[in-house]
Amino acid sequence: MSSNFQELNQCSSVEAVFEPASFRIGTVQFLNAVPLTWKLENIAKTLNAEIQLVADTPANLADDLVQGKYDAAMIPIAEAVRHPELTQISDVCIASEGAVKSIKFIAMRPLEEIRRIGLDPASRTSNALLQVCLEERSKRFCEYTPFHVGNALGIDPSEAESLRLTEEPLAEKLAEICRKEELDGVLLIGDKALFAPHRSRYFACVYDLGLVWTQWTGLPFMYASWFARPNADMERLSTLFNESRRASQIEMDVLTLYEGLKRQMPIKECHDYLTRRIRYRLGGRERHGAEVFCKMMQKCNLAPLGSNLNFEANRKRFPTEIE
């Protein structure tokens, strides 16, 4: 019997590699995170682990992870910068290079006339990205106030992500609300931004912030990644997230069909968004984009001076590794 076969035979059971474990993992409910959790439970079983997956808003996940409610969570970059005790793990992220479609700034007036903006309280990274782009790129210094589009339109929170602002009555109502609240623009994030019009007679302009960032910096924008609390099982969690991402890529056609039907979204648009607009592989350029954003947040007083992202083991892999 060859030594290679003996090694394989000795490790044929996952128990020989990992002790039984259970993990509580936090994620977001947006479409762009689905490929990262699609096969998570299946992969966990191969690692002799059970998981409890909990969906919450991006703004809540970091605080709950720090408080020990999760072992790991999908944390927005703006939150991770504020929590240096958290460690980014795996080669997985949610990023884009160019138009992303799911983060849009709807301006009611020309950019030079904008004074007051409504921000979505569910995502501090998107809010910070808008503020950085306005202040550092366009030299526009505005007043910001919380504004949840679904609540403003009287939509049940469970249905807010399926808003269709391409429908004229909804677009008109949003414009009226903005006028009453003296808002010159509002930020849309998540699935509801996917259904926002490129242009409308009710809006002066619609800006895709992923496109604005890449045109400005020449870099991808990294929105979120998996982070773990101190003393977590980094090795197993990292393997879990890496292998889950790979498995999802293999089944992307099935995934987009299922999610498109579930979300009443054209299958072609769903497939385009998940395969062309969003990047899930964390490479050197994505890390560099995140580091640049971190520095710009500090310049805009959105993050403590000297703060930085804590990448797993200082990224002891090849930074330009390509699958």
Side-chain angles (χ1 to χ4, degrees), residues 3-56 61-62 64-76 80 83 85-95 222 224-255 258-259 274 278-283 286-287 309-319 321-323:
S3 60
N4 288 341
F5 182 82
Q6 288 177 335
E7 291 174 0
L8 179 61
N9 188 50
Q10 290 170 357
C11 296
S12 60
S13 171
V14 291
E15 286 83 356
V17 182
F18 291 115
E19 294 292 328
S22 61
F23 300 112
R24 185 175 169 89
I25 296 173
T27 187
V28 293
Q29 59 199 9
F30 303 138
L31 175 60
N32 58 22
V34 172
L36 302 182
T37 58
W38 177 257
K39 305 297 290 185
L40 208 57
E41 291 185 1
N42 302 71
I43 299 299
K45 291 178 182 178
T46 70
L47 299 173
N48 204 20
E50 295 182 356
I51 63 168
Q52 181 182 1
L53 193 64
V54 181
D56 203 344
L61 288 173
D64 287 346
L65 179 59
V66 170
Q67 293 170 11
K69 294 182 181 179
Y70 302 115
D71 297 287
M74 178 57 62
I75 302 298
H83 292 282
E85 67 272 32
L86 299 180
T87 299
Q88 185 280 332
I89 57 174
S90 80
D91 291 324
V92 178
C93 70
I94 296 177
M222 178 175 159
S225 185
W226 292 115
F227 282 79
R229 60 175 176 77
N231 303 318
D233 188 344
M234 303 288 186
E235 179 183 1
R236 189 163 7 178
L237 286 168
S238 183
T239 301
L240 171 63
F241 297 138
N242 285 337
E243 296 306 318
S244 180
R245 178 189 64 82
R246 292 188 182 99
S248 295
Q249 301 306 299
I250 296 172
E251 296 190 8
M252 191 59 77
D253 288 345
V254 176
L255 188 158
Y258 176 83
E259 288 297 320
L274 292 178
I278 301 296
R279 292 184 175 186
Y280 296 105
R281 182 74 166 87
L282 175 56
E286 286 75 22
R287 289 197 297 277
L309 296 171
N310 185 18
F311 286 104
E312 178 186 16
N314 296 319
R315 308 312 297 166
K316 293 180 179 179
R317 301 179 177 91
F318 294 106
E321 179 186 1
I322 298 175
E323 287 187 357

Closest approach of [X] and [Y], non-hydrogen atoms and distance?
| X | Y | answer |
| --- | --- | --- |
| Leu237 | Ala232 | CD1-CB, 4.0 Å |
| Arg245 | Tyr280 | CD-O, 3.2 Å |
| Ser225 | Ile89 | OG-O, 4.3 Å |
| Arg24 | Gln52 | NH1-NE2, 2.9 Å |
| Phe227 | Ala80 | CZ-CB, 3.4 Å |
| Leu274 | Asn32 | CD2-CA, 4.0 Å |

May I ask you to test the [X]-[Y] pair for a side-chain heavy-atom distance under 4.5 Å?
| X | Y | answer |
| --- | --- | --- |
| Arg246 | Ile43 | no |
| Leu36 | Trp226 | yes |
| Leu255 | Pro35 | yes |
| Val34 | Tyr258 | no |
| Tyr70 | Ile75 | no |
| Leu282 | Gln88 | yes |

[atom1] of [X] to [atom2] of [Y]: how many Å apart, nearest 0.5 Å?
| X | Y | atom1 | atom2 | result |
| --- | --- | --- | --- | --- |
| Phe23 | Leu40 | CZ | CG | 10.5 Å |
| Glu85 | Asn310 | CD | CG | 10.0 Å |
| Met74 | Ile94 | CE | CD1 | 4.5 Å |
| Arg229 | Lys69 | CZ | NZ | 14.0 Å |

Taking the side chain from Glu286 and the backbone from Gly283, do they hold a donor-acceptor pair closer than 3.5 Å?
-> yes

Backbone N/O of Ser90 and side chain of Asn242: donor-acceptor pair under 3.5 Å:
no

Notebook entry, point to check: Is Glu41 atom CD crowded by more than 12 heavy atoms from other residues, nucleotides or ligands, each under 6.0 Å away?
Noted result: no

* **Full working for side chain to side chain contact (heavy atoms under 4.5 Å, CB included) between Val66 and Leu86** => CA-CA 7 Å; Val66 170; Leu86 299 180; 4.1 Å; yes

Check your understanding: Between Ile51 and Leu240, is a side chain to side chain contact (heavy atoms under 4.5 Å, CB included) present by the stated rule, with each step listed?
Key -> CA-CA 10 Å; Ile51 63 168; Leu240 171 63; 4.2 Å; yes

| request: Applying side chain to side chain contact (heavy atoms under 4.5 Å, CB included), run through Asp91 and Arg281 and close with a yes or a no. | output: CA-CA 6 Å; Asp91 291 324; Arg281 182 74 166 87; 3.2 Å; yes

Residue pair Arg287, Leu309: steps toward the side chain to side chain contact (heavy atoms under 4.5 Å, CB included) verdict: CA-CA 9 Å; Arg287 289 197 297 277; Leu309 296 171; over 6 Å; no

